[in-house]
Q: 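Dropping a structure here in structure tokens format, bear with me for questions.
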Amino acid sequence: DAKTTQPTSMDCAEGRAANLPCNHSTISGNEYVYWYRQIHSQGPQYIIHGLKNNETNEMASLIITEDRKSSTLILPHATLRDTAVYYCIVRSNTGNQFYFGTGTSLTVIP
Amino acid sequence: NAGVMQNPRHLVRRRGQEARLRCSPMKGHSHVYWYRQLPEEGLKFMVYLQKENIIDESGMPKERFSAEFPKEGPSILRIQQVVRGDSAAYFCASAEAGTGYQPQHFGDGTRLSIL
């Protein structure tokens with residue numbers, strides 16, 4: 001069952017930061033937050049994951065609130081190639097699957 | 001999605017035939033997962049395998065579907081006596097052994113079309 005809530009769609013101007021929110025108010029203490037994206041006709045691409053500290057890598061930053069009930073994925077300088085469906089997923093180390101809900105369809109506008 | 005290799009990318013079968021989908025995990029990964037994506041829907045988990053063992057098949061249909069991950073060679077998802085409803089994109093993911101928090105890395109899928 002879905003444990004996260006995301007907006008259905010968002011737009012972002014090219015070159016601006018894209019901030020994608022995710023609510024996970026029932027997250028358990030042993031569950032990490034993962035972000036994936038799926039560009040049309042491709043497989044899901046892993047972006048980033050974290051537990052409670054903010055994380056940053058070459059693709060994005062992940063900001064997790066102190067109570068861990070929500071998080072935000074930040075793409076610092078969105079490009080047209082970032083147009084995709086973005087999935088926020090919570091999972092523990094005993095869960096075998098990633099549950100892909102409906103995600104957020106991000107459209108980067110020129 | 002470099003690393004996880006799936007083939008074929010596209011597969012066409014007639015109703016009643018068998019479909020075999022192959023997945024080679026990333027180097028060093030010993031865990032393989034299969035997911036199915038119907039048109040306009042999210043990915044749905046099917047099965048999780050480690051070398052020579054099925055760990056979790058809770059998402060596999062009870063009939064006609066089977067999966068294996070032999071000691072040598074790729075993981076195979078096999079669908080017998082295919083029907084039109086089997087038309088979908090089938091994605092394989094792999095992960096390395098560890099704490100269980102390792103992310104899964106996906107291939108670009110096999111698109112199965114049933115005539």
Side-chain angles (χ1 to χ4, degrees), chain A residues 1-9 22 27-53 55 57-60 62 64 68 71 73 81 84-105, chain B residues 1-7 9-10 21 23-26 29 31-50 53-60 67 69 88-111 113:
Chain A
D1 291 335
K3 296 183 179 180
T4 65
T5 304
Q6 300 177 251
T8 302
S9 62
C22 179
I27 193 170
S28 300
N30 66 341
E31 289 182 316
Y32 274 63
V33 180
Y34 297 79
W35 282 83
Y36 282 79
R37 72 181 182 184
Q38 187 173 26
I39 297 170
H40 182 63
S41 81
Q42 296 181 19
Q45 179 186 21
Y46 165 74
I47 301 174
I48 200 167
H49 74 290
L51 180 63
K52 55 183 178 180
N53 297 320
E55 302 286 345
N57 62 21
E58 66 278 5
M59 289 183 67
L62 173 60
I64 302 174
R68 303 212 318 126
S71 61
L73 179 75
R81 293 183 179 181
V85 178
Y86 287 77
Y87 297 96
C88 169
I89 302 166
V90 296
R91 176 176 171 264
S92 74
N93 63 342
T94 59
N96 294 322
Q97 62 177 288
F98 282 93
Y99 177 80
F100 288 84
T102 53
T104 295
S105 178
Chain B
N1 296 318
V4 178
M5 302 302 295
Q6 291 189 248
N7 65 83
R9 288 296 309 276
H10 301 273
L21 288 62
C23 169
S24 295
M26 286 180 68
H29 287 190
H31 298 200
V32 167
Y33 307 79
W34 286 93
Y35 291 76
R36 177 166 63 175
Q37 186 173 31
L38 296 172
E40 307 304 323
E41 295 187 10
L43 277 75
K44 298 289 194 293
F45 168 79
M46 299 180 74
V47 62
Y48 161 40
L49 311 100
Q50 295 179 19
N53 287 301
I54 296 175
I55 307 301
D56 180 355
E57 54 181 350
S58 59
M60 286 279 271
F69 188 19
Y90 291 82
F91 292 97
C92 168
S94 73
E96 57 184 346
T99 62
Y101 289 114
Q102 288 74 19
Q104 297 174 13
H105 297 272
F106 287 79
D108 278 337
T110 293
R111 276 139 191 90
S113 298

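Note that these values count all heavy atoms, side chains included, but never hydrogens, waters or copies made by symmetry. Quick note on labels: first sequence line is chain A, next is B, and so on, each numbered from 1.
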Q: Do B:Gln104 and A:Tyr34 have side-chain heavy atoms sitting under 4.5 Å apart?
A: no
Q: Under the 3.5 angstrom rule, does the side chain of B:Tyr101 hit a backbone N or O of A:Asn30 as a donor-acceptor pair?
A: yes
Q: Looking only at non-hydrogen atoms, find the nearest pair between A:Ser41 and B:Arg9 and report the distance.
A: O-NH2, 3.9 Å
Q: Is the backbone N or O of B:Tyr33 less than 3.5 Å from a side-chain atom of A:Gln97, with the two atoms forming a donor-acceptor pair by type?
A: no
Q: Applying ring pair (Phe, Tyr, Trp, His ring centres under 6.0 Å), run through A:Phe100 and B:Phe91 and close with a yes or a no.
A: CA-CA 13 Å; A:Phe100 288 84; B:Phe91 292 97; 9.0 Å; no
Q: What pair of heavy atoms forms the shortest contact from B:Pro103 to A:Phe98, and how long is it?
A: CA-CZ, 4.4 Å
Q: Closest approach of A:Pro44 and B:Leu43, non-hydrogen atoms and distance?
A: CG-CD2, 3.6 Å
Q: I need the residue from B:Lys44, B:Gln37, B:Glu41, B:Met46 with the largest number of non-hydrogen atom pairs under 4.5 Å to chain A.
A: B:Gln37
